[in-house]
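For reference, the structure is listed below as structure tokens.
Worth saying up front: this structure is predicted, and the values here are computed from it rather than measured.
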Amino acid sequence: MKNITLFGVVVVGFFVGIHTTQAQDTVMVKSYVKKRTLLNQFESDFVLPASKRIALKQSRIAYQYHTKEILDTLDISDRKRKRLIEELKRNPFSERIQEVIANEQETKEATSSVAPE
């Protein structure tokens, strides 16, 4: 009887764990934008529809998540990482962040490349 109960607990724990890890991999962010803007009242040709603005906003959020994952994997100090993440929150397309990522990738490529014979 104890073995059957233990097996049941393990199976339920396994399925709950699978569901939890799968939920962590997906990025579902609800984005809201104003349906009507002030510019739409005067110059409607310059304003994108709400659906396109939502899509652009979601792509910016996905870009921020991706850049944050890259910053977390870089071999830099914690203080510098925290400053860069704060910079990422303020300006996702910051030149400073792109320079740091590019410099780290160059150093990784330089150390991993093999000298030709």
side-chain contact (heavy atoms from CB on, under 4.5 Å) involving Arg60 - partner list, sequence neighbours excluded: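 Here the qualifying residues are Leu56, Lys57, Phe93.
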For Asp78, side-chain contact (heavy atoms from CB on, under 4.5 Å) partners two or more places apart: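 For Asp78 the side-chain contact (heavy atoms from CB on, under 4.5 Å) partners, ignoring immediate neighbours, are Arg81.
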Quick one: pull up [atom1] in [X] and [atom2] in [Y] and give me the separation to the nearest 0.5 Å.
X	Y	atom1	atom2	value
Ile85	Thr67	CD1	OG1	10.5 Å
Leu71	Arg83	CG	CZ	12.5 Å
Lys80	Glu87	NZ	CD	12.5 Å

Cationic N near anionic O, under 4.0 Å, Arg96 to Glu99: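 Salt bridge between Arg96 and Glu99, a charged N being under 4.0 Å from a carboxylate O: no.
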Nearest heavy-atom neighbours spanning Ile76 and Glu104: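 Minimum heavy-atom separation between Ile76 and Glu104: CG2-OE2, 3.6 Å.
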Same cluster (ILVMFWY, side-chain, under 4.5 Å), Leu88 and Ile70: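 Looking at the clustering, Ile70 is in the same group as Leu88.
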Ile97 and Asn91, any side-chain heavy atoms less than 4.5 Å apart: no
Min side-chain heavy-atom separation Leu84-Leu74 under 4.5 Å: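 No - every pair of side-chain heavy atoms lies 4.5 Å or more apart.
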Neighbour count above 12 (heavy atom, 6.0 Å) for Asp72 CG: yes
